[in-house]
Amino acid sequence: MSDTTELSKAYEPTEVEARRYAFWLEKGYFRAEATSDKPAFSIVLPPPNVTGSLHIGHALTATIQDILTRWKRMSGFNALWLPGTDHAGIATQMVVEKELKKSEGKSRHDLGRDTFLQRVWEWKGKYGARIGEQHRYLGASLDWSRERFTMDEQSSAAVREVFVRLYEEGLMYRAQKLINWCPSCRTALSDLEVEHEEKNGSIWHIRYPVKDSDRTLTVATTRPETMLGDTAVAVHPEDERYKDLIGKHVVLPLSGREIPIIADGELVDPKFGTGVVKVTPAHDFNDYQTGLRHKLPMMSILDEAARMTKDTGKYAGMDRFEARKAVLADLQEQGLLEKEEPHKLSVGTCQRSATVVEPRLSPQWFIKIEPLARPAIEAVEQGRTKFVPEAWTNTFFHWMRNIHDWCVSRQLWWGHQIPAYYCTSCSPRLGDDTDLPLDAPTVKVGGVDFSRAEPIVARQAPESCPKCGGASFIQDPDVLDTWFSSALWPFSTLGWPNATPELKTFYPTSVMETGHDIIFFWVARMMMMGLHFMGDVPFRTVYLHAMVRDEKGEKMSKTKGNVIDPLDVILGAKSEALAPALKNKFPQGMPAFGADALRFTLASLTQQGRDIKLSMDRLAGYKAFCNKLWNASRFALMNMGEFQYDGGPLKERSLTLADRWILSRLQRATTEARASLETYGFAEAASTLYQFLWAEFCDWYIELAKGSLYGEDAAAKDTTRAVLIYSLDRVLRLMHPFMPFITEEIWQKLPMSRPTDSIMIAAYPESDAALVDEAAEAEMAPVIAAIEGLRTIRGESNLPPATKVKAVVQSPDARTRDLLERWRGYLMPLAGLSEVHVGPPGPKPPQAAAFVATNLEIFVPLAGLIDLDAERDRLRKEIARAEQEATSVLRKLENPNFVAKAPPDVVEKDRARVVELKERKAKLEDHLQRIAPEPPMPENTPSESSTPAVVEDLASPSEPAQVKVAPTKEEKGGVDLGQELKGELGDEGRVPEADPQVQAALAKLREGTKEGLSPTDHHDLGVAYMSMGLVDDAMREFDKAKEGGDGREAPAKATESAERPAKVKAKKPATKKAEAPVSEAAPVAPASEDEAPAAKPAPSKKAAPAKSAKAEATAAPAKAAPAKAAKKASAKAAPVKAAAKKGGKAAPVKAAKKAGKAAPAKPSTKKGGKAAPAKAAKKAAKAAPAKAAKKGGKAGAKSAAKKVAAKKGGAKAPAAKKASAGKAAAKKVTRAKPSARAKARR
RNA sequence: GGGCGGAUAGCUCAGCGGCAGAGCGUCGCCCUUACAAGGCGAGGGUCACAGGUUCAAUCCCUGUUCCGCCCA
């Protein structure tokens, strides 16, 4: 079955997708068994309307459901996903009518009911098929053998059965009630089909004269034209103003009718308006209730097109809005219009036509809903049906508890005609109701008056009239609400009312997956009908997905021109064919992203409780992902030779670390993906698989596998091949539900034995605990850390991949050394190394770039390759990060409450972290020191704008002395006090020139004195430090002076000689590529006969480089414009102190000063030394910036302020950044072993 | 009027008490024989605002402001 043809270079979805779907269809994989030993899993597809084609929301529905179905099918379920379409009464009728008008200029009445319906069926045939086709493009594994339509014979039979049973049970009734009426669709609507909109309108105050009195009552109304249908005015029974008028009459203006003044406490709010309300029972829902309470006459003044009836006299025939103007004009003329005020009102509009709906009194069919709603509420309360996301449960309850009877009749032609019949012999007939328009859809002059006739409800047309024995009947012309048949969908599609095996197997369905917009329309009604007729809930779980919007979050609509057609996305489209918004985005036309990419995108963006903004950029990203998968597979297949994976246990092969690692990671990914699917976490599952495939399998495993694949060891080669195939097989199966096409295509080509002919019926992978290998994951950490560290060094120096470098790795840990030695084969190609020396900590190669991790240090001899400036920059950044993080952790640890109250493990972790960070920082500083630039010419010009960054203050508030100690005699290998100070002072050292003593000391230092410093030197140095505000340093120097100087020995020669030339070269590194390496390597190798630097005590070692690091850090910003300096300064905070001390000649801007003050968290001087409580510190930091910004008002001040504001969180930000710096690979690793991974990176 | 969501990097989105993440986009270097739809590296955040709870808040609570939805 294996197809070993090579894969094309890039993935071409279109061809693959068509071919694969045909294959599945042919094999009948989508078919579910009516009866089976397997557990059942069933979903009924929410039937799309046959109005037209699928939109992107349908694509989302299909994607999610197909993921569920394919996943369950692969997991051993007898999975049914049942397709179908909905006749969509009003919508479809309107669309066809529109087309009829356009193409033939005819109305449906021109054709007549039967002919028109014929046309609709033709339409249905065309678009129903198209919808099926679109689902196939999407890869939907629907059981087409069970495809249904809401108006097919079986569904229609179910509809009739339900209608009749409900009628027999007294739950279906016919009544003349006030309903919502759409004057342009000319049909009744249910409450749900009316959309409420807040609109700006007016409220008019109209005077009604009280009969036999000179008083008038003023009513306030938003619909003055309805006054022609008023049958009362109402006041509040307790309203003293009008109490005496109750029972009297007013003379209705314009018509002259006399209507009663009634008292109604429910309708009237005496505090609102005038306290008098006109009552128009036939045209307002509140008034209707009032009318019922008071048995008022109900006078309809509007016909089905919302035109004034003949009862309205001069207004007859006017449209309702026209009539409003006329009525107002007349009232005005008669002086009865008191005033008009602007008023906000909620207007109900028809969901379909957007016409303002009109409450209308008419005979309709209703379902008594309360007896049906109660069991549905209980079922959800009892958890028999669960909502996902859970938040919808309350929405459901709220609606169900406030539900009204459901008006199910529609005055349309397209739909299920109501199974009610009227005897044409004895039914009352319509009189000469000539004001009815000729084209009235359901009423013919002289015909049966359906509003008064007695219906006979029956499954079949009756034979004879039980009343008169007549044999001629006319069926109720109305049809049922579309949602009536939809409500039966979960069981009507399974064969109900027959007791089919399908019903037995698949009802209740497992999941109802649909958009939350139809929770009431559909979900609630299915619940009610399912419970009533099947005695059980229709589904165990309701998963409600979000709405798909465009990239800007706008609803997609044709008028907005932002509609995205899923087929365009899948197949591509010419720009002319695209909606305007997309045309902009794809002026060259839309590329074919493929169904897999679309599905993966939708799955990745599906988030519970949030609309989906479909991002075309992410779509492109996932298309790239498909290509990545394709090419990874291509790589594997290209390297298979004659190999065939027999499926034998991998454990029995001799696995490499990389093998064990990827296999372990795969098991974890498997577990995670499965767990996510169980909880409907589609995005999470997709992300897990994406990360695994790309960031682990491709970025690491494939790269590591190349060693053995390209090597000579045949057994090793085959093991790698086996692991590649095993992994691909697994990951393809894991991804199959998301991306069915590409996974099948590749899977078919894997050289292995397949238990099934298709991936879609292969088993969904389970995690193999035997392959979970913590040790391998832990072992990989240093390898990855080392490679990443080396890559960073290369990257910062912009070394091209072709340029190989040497690396010296030192680790105090024998095990790490051993590992690295063993895995040098990984290190060398991935980090671009020509040689790698692994050993214990020893002499550091001079002038080498360095990478510091917890357990190891890596040196890359510069040899003219590395950009020294870049490397220094990098080290400085690293140091700053370590420092900043240390600061924040230390701040926490200084808080006694934290230590006392936080869980011990948290405290312990932080303590360890501080130690780690300090070590790291020390090492980094050491390295920085090693590659310090050639000292610049002495220059004493003080500069106001430059301030030394006394970073240590921030870093180690609790141990200030440690970070500021000067180099000691133990310090070897490049400690150069003079240079250090020069570095610190930089080109613009700002030591007060006035002090000759200091000058002398500095001059001496600048000469690069290698001899030990005398006590005087120390003293002078102390003075210098003091003058810079570096109290710690000064104190230390004074101490040294007291002790009597260093008595330092001559510096180590090796270091010296090695360092010198390198320094010179360092200036122009790139140009001298070839020259250095050989000579450079020399001093490195003989690590054993070193100058005993290994014995260096840590603290002193730490101290020296700290200095220069600080100096370096300061140099750059110092040169910058004042604003920048201020910013920098505030970031570091301490320098302010230095400048300020010296009379603070304005170096830092005011804002900076403020800012500096604002960071008291750092116990900057050990003298003032009490660390402010963390909280206070935070507050201060928070508070200050605003003030500073305000005061300064300048850009500089502002940015400085901002920087300080960032201090609180900001201190940690950069450090965090670093943690995140690596590629996703690292992250994924981090996920599994967060602390280990994170540590490894440092 | 009542209710429910949402606000985190330039964009689209995860995370939801203990070191802020992804994809895309940006910048730098590279055509390195699986993939330029690519590789490596870097930069990028007052987690809407204001209070509160807590040793600790992007996360919990209260309020505010915007945005969206539902119901009346």
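Chain A is the first sequence line, chain B the second, and so forth, proteins listed ahead of strands; every chain is numbered from 1.
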Student: Less than 4.0 angstrom between a side-chain N/O of A:K628 and OP1 or OP2 of B:A34, yes or no?
Tutor: no

Student: Just to be sure I understand the rule, does A:Y690 reach a base, reach only the sugar-phosphate, or reach nothing, if contact means heavy atoms closer than 4.0 Å?
Tutor: sugar-phosphate

Student: Please state whether the rings of A:W630 and A:Y11 are parallel, tilted or perpendicular, taking 30° and 60° as the class boundaries.
Tutor: tilted

Student: Students often mix this up, so state it plainly: with edges at 30° and 60°, are the rings of A:F593 and A:F586 parallel, tilted or perpendicular?
Tutor: perpendicular

Student: Looking at the side chain of A:N631, which of B:A42, B:U12, B:A34 is the nearest nucleotide?
Tutor: B:A34

Student: Can you check whether A:K706 has a side-chain N or O nearer than 4.0 Å to OP1 or OP2 of B:U32?
Tutor: no

Student: Applying a 4.0 Å non-hydrogen cut-off, can you work out what A:A632 is touching in the nucleic acid: base, sugar-phosphate, or nothing?
Tutor: base

Student: Once you apply a heavy-atom cut-off of 4.0 Å, does A:C698 come out as touching a base, just sugar-phosphate, or nothing?
Tutor: base

Student: Counting the atoms with a prime plus P, OP1 and OP2 as sugar-phosphate, which does A:R791 contact under 4.0 Å by heavy atoms, base, sugar-phosphate, or nothing?
Tutor: sugar-phosphate

Student: Which of the following nucleotides, B:C40, B:C71, B:A37, is nearest to the side chain of A:D699?
Tutor: B:C40

Student: Using the C1' atom on both, measure B:U65 against B:G51 and round to a whole Å.
Tutor: 15 Å

Student: Can you identify which nucleotide, out of B:A37, B:A42, B:A34, has its nearest atom closest to the A:T792 side chain?
Tutor: B:A42

Student: Kindly check if the number of other-residue, nucleotide or ligand heavy atoms within 6.0 Å of NE2 (A:H398) is above 12?
Tutor: no

Student: When you check the phosphate oxygens OP1 and OP2 of B:A36, does a side-chain N or O of A:K9 lie under 4.0 Å from one of them?
Tutor: yes

Student: Below 4.0 angstrom from OP1 or OP2 of B:A37, is there any side-chain N or O of A:W694?
Tutor: no

Student: Can you tell me how far OG1 of A:T606 sits from OH of A:Y680, rounded to the nearest 0.5 angstrom?
Tutor: 14.0 Å

Student: For A:I702, which contact category applies under a 4.0 Å heavy-atom criterion: base, sugar-phosphate, or nothing?
Tutor: base

Student: Any idea which of B:C69, B:A34, B:C55 is nearest the A:K901 side chain?
Tutor: B:C55

Student: Quick one: is B:A34 close enough that its OP1 or OP2 comes under 4.0 Å of any side-chain N or O from A:Y710?
Tutor: yes

Student: Could you check which nucleotide pairs with B:C69 in any of the strands shown, counting Watson-Crick or G-U wobble with both distances under 3.5 Å?
Tutor: B:G3

Student: Identify whether any heavy atom of A:Y622 sits under 4.0 Å from a base atom; if not, whether one sits that close to sugar-phosphate; answer base, sugar-phosphate or nothing.
Tutor: nothing

Student: Hey, what's the ring geometry for A:F396 with A:F387, parallel, tilted or perpendicular (30° and 60° as the breaks)?
Tutor: tilted

Student: When the nearest nucleotide of RNA chain B is assigned to A:V194 and to A:A636 on a heavy-atom basis, which residue is associated with the more 5' position?
Tutor: A:A636

Student: Provide the Watson-Crick or G-U wobble partner of B:A37, both distances under 3.5 Å; none if there is no partner.
Tutor: none

